[in-house]
Undergrad: 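Got a structure here, written out as structure tokens. Questions coming.
Indexing begins at 1, ligand by ligand and atom by atom, following the structure's order.
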Amino acid sequence: MSTPLEGTIVAAFGRHYEIELADDSLITGIPRGKKSAYACGDRVAMERASADQAQILRHLPRTSLLYRSDAYREKLIAANATQIVLVVASEPSFSDELLTRALIAAESQGMRSVLVLNKADLTERLPPARQRLLPLQSLGYPVIELSARENAAALLPYLAGELSVLLGQSGMGKSTLINALVPGALSATREISSALDSGKHTTTHARLYHLVHGGSLIDSPGLQEFGLTHLSVSAIEEGFVEFRPHLGGCRFRDCHHRSEPSCAVKQAVEAGQISARRYEQFLRLRAGG
Ligand SMILES: Nc1nc2c(ncn2[C@@H]2O[C@H](COP(=O)(O)OP(=O)(O)O)[C@@H](O)[C@H]2O)c(=O)[nH]1
Ligand SMILES: [Mg+2]
Ligand SMILES: [Zn+2]
């Protein structure tokens, strides 16, 4: 009988995984079945197959699972993460609906959220981007302005002690940020790619990095959409943190907060306590993810 082998997935390639063992050495993990339902950050139990390979038997209990879904499939993003770091930039422009969706997914898993406004050096483009983040900032989500090209240190205190997942649309500067935070990471940015002429400037798989200043960070492929069809109605409602104080106050217990009489949520929108934009996004999510 071999002793049970456990480790943490630090890179997810789809068909196989890179797994870190307790002594920090790495091993390749191959899932047993055809369907690989593991994510970066997962703790797994394995059976060793050779010196550098093991068969993954199962994942150990997860404290969180961040994933997105549409009508056809689910896509695991990260397991056991405690926080999402949402990267936007002064340019190109970003989708605030995507931000809201990621925030809802994080809230549903009890994860913290931090927003990074990158490319602060492009000062002319900064004020409108700031303005668009204001509604989220006023809900209590921290917004950290920085220029990943120049100095990313402002983010470090938020990362210590957390397992964070870096999320954002492509072009926002995630790879540049990873390279600033993790010396030697060599995450492919647009410049590096054109220099190598590989045409590959996108992160194609998730990878977990340990930070020198404490905490770990999972880099994930760029996000263009964030389907939430897997979330229950109450997870969506409660994911909008500013709805929480009003949720018990509607006349009907199963209120959709759409056109029902005496709806506490709609009243809060009319009173300016809930932003019209967020309410609109709620209605769209509520209507089917
Ligand atoms: N001016 C400026 N450009 C940046 C900054 N961070 C990233 N960029 C540029 O934005 C582009 C996209 O960056 P990249 O890291 O590849 O974004 P990703 O797709 O989110 O990984 C590249 O041309 C970067 O050099 C920054 O702080 N300031
Ligand atoms: Mg990238
Ligand atoms: Zn209501």
Side-chain angles (χ1 to χ4, degrees), residues 11 77 84-95 98-99 102 115-126 129-130 143-155 164-182 185-196 198-207 209 217-224 233-234 236-238 240 242-271 273-274 278-280 282-283 285-287:
I77 301 171
I84 60 170
V85 175
L86 282 171
V87 185
V88 299
S90 46
E91 68 171 19
S93 73
F94 57 86
S95 156
L98 197 74
L99 294 184
L115 295 150
V116 170
L117 175 50
N118 186 31
K119 311 194 193 181
D121 54 301
L122 304 175
T123 47
E124 271 167 41
R125 301 303 199 103
L126 203 49
R130 252 183 213 149
V143 174
I144 297 126
E145 285 184 19
L146 53 82
S147 167
R149 259 196 201 164
E150 290 162 7
N151 190 347
L155 185 57
S164 304
V165 189
L166 203 58
L167 295 173
Q169 293 166 266
S170 66
M172 297 299 156
K174 293 182 302 300
S175 297
T176 308
L177 191 57
I178 286 277
N179 290 332
L181 295 168
V182 187
L186 289 184
S187 185
T189 64
R190 232 148 246 188
E191 290 73 25
I192 293 174
S193 339
S194 53
L196 298 176
S198 65
K200 271 198 203 160
H201 55 252
T202 50
T203 304
T204 51
H205 58 269
R207 179 172 285 281
Y209 298 97
L217 189 58
I218 295 176
D219 188 15
S220 67
L223 216 59
Q224 300 303 343
V233 168
S234 71
I236 293 172
E237 286 177 346
E238 307 215 347
F240 285 81
E242 71 275 43
F243 284 26
R244 289 178 190 172
H246 308 288
L247 287 174
C250 304
R251 179 186 297 174
F252 300 110
R253 212 154 51 90
D254 62 347
C255 187
H256 290 206
H257 320 303
R258 195 181 306 268
S259 49
E260 291 84 352
S262 303
C263 167
V265 170
K266 277 206 74 169
Q267 284 165 2
V269 175
E270 279 150 24
Q273 294 168 302
I274 292 175
R278 289 266 292 177
Y279 176 61
E280 229 174 75
F282 164 77
L283 290 181
L285 266 175
R286 178 69 173 77

Undergrad: At a non-hydrogen distance cut-off of under 4.0 Å, which region of Leu177 contacts ligand 1 (side chain, backbone, both, or neither)?
TA: neither
Undergrad: Give me each pair satisfying salt bridge (Lys or Arg N to Asp or Glu O under 4.0 Å) with a member in residues 243-258, each pair once, sequence neighbours excluded.
TA: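 Of all non-adjacent pairs touching residues 243-258, those that pass salt bridge (Lys or Arg N to Asp or Glu O under 4.0 Å) are Glu107-Arg244.
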Undergrad: More than 12 non-hydrogen atoms from neighbouring residues, nucleotides or ligands closer than 6.0 Å to CD on Gln224, yes or no?
TA: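 Buried by this count: over 12 neighbours within 6.0 Å.
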Undergrad: Would you mind listing which atoms of ligand 1 come within a distance below 4.0 Å of any non-hydrogen atom of Ser147?
TA: 26 (C), 27 (O), 28 (N)
Undergrad: Check each heavy atom of Thr176 against ligand 1 and say whether those closer than 4.0 Å belong to the side chain, the backbone, both or neither.
TA: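 For Thr176, the contact with ligand 1 is made by both the backbone and the side chain.
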Undergrad: Is the Mg ion (ligand 2) under 2.8 Å from any N, O or S atom of Thr176?
TA: no
Undergrad: Given Leu166, Asn118, Asp121, identify the one with the heavy atom nearest to atom 2 (C) of ligand 1.
TA: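 Of the listed residues, Asp121 has the closest heavy atom.
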Undergrad: Between Glu260 and Lys266, does any NZ, NE, NH1 or NH2 come within less than 4.0 Å of an OD or OE carboxylate oxygen?
TA: no
Undergrad: Backbone N or O of Val265 within a donor-acceptor pair of the Tyr279 side chain at under 3.5 Å?
TA: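 Not at all, since once roles are kept as given, no pair shorter than 3.5 Å links the two residues.
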Undergrad: Parallel, tilted or perpendicular: which fits the ring planes of Phe282 and His257, with parallel below 30° and perpendicular above 60°?
TA: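 Tilted.
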Undergrad: Looking at ligand 1, would Gly171 count as a contact under a 4.0 Å heavy-atom criterion?
TA: yes
Undergrad: Counting only nitrogen or oxygen atoms and a 3.5 angstrom limit, does Ser175 reach ligand 1?
TA: yes
Undergrad: Ala148 to ligand 1: N or O pair under 3.5 Å?
TA: yes
Undergrad: Counting heavy atoms only, which part of Leu122 comes closer than 4.0 Å to ligand 1: side chain, backbone, both or neither?
TA: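 Side chain only; the backbone of Leu122 stays clear of ligand 1.
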Undergrad: Between Leu146 and ligand 1, is there a nitrogen or oxygen pair with a distance under 3.5 Å?
TA: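 No, since none of the N or O atoms of Leu146 sits under 3.5 Å from an N or O of ligand 1.
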Undergrad: With distance as the sole test, does Ser220 use its side chain to make a donor-acceptor pair with the main-chain N or O of Leu166 at under 3.5 Å?
TA: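 Between the backbone of Leu166 and the side chain of Ser220 there is a qualifying donor-acceptor contact (under 3.5 Å).
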Undergrad: Provide the tally of protein N/O/S atoms nearer than 2.8 Å to the Zn ion (ligand 3).
TA: 4
Undergrad: Between Asn118 and Met172, is there a side-chain heavy-atom distance shorter than 4.5 Å?
TA: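 Contact flag for Met172/Asn118 side chains = no.
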Undergrad: Just which atoms of ligand 1 are under 4.0 Å from any heavy atom in Ser170?
TA: 19 (O)
Undergrad: Around atom CZ of Arg130, are there more than 12 heavy atoms from other residues, nucleotides or ligands closer than 6.0 Å?
TA: yes
Undergrad: Taking Lys119 for the side chain and Glu91 for the main chain, is one N or O donor matched with an acceptor at less than 3.5 Å?
TA: yes
Undergrad: Can you name the nearest heavy-atom pair linking Ala129 to Ala89, along with the distance?
TA: CB-O, 4.2 Å
Undergrad: Please find the pair of heavy atoms, one from Ser90 and one from Leu117, that lie closest to each other, and give the distance.
TA: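 That closest heavy-atom pairing would be N-CD1, 3.8 Å.
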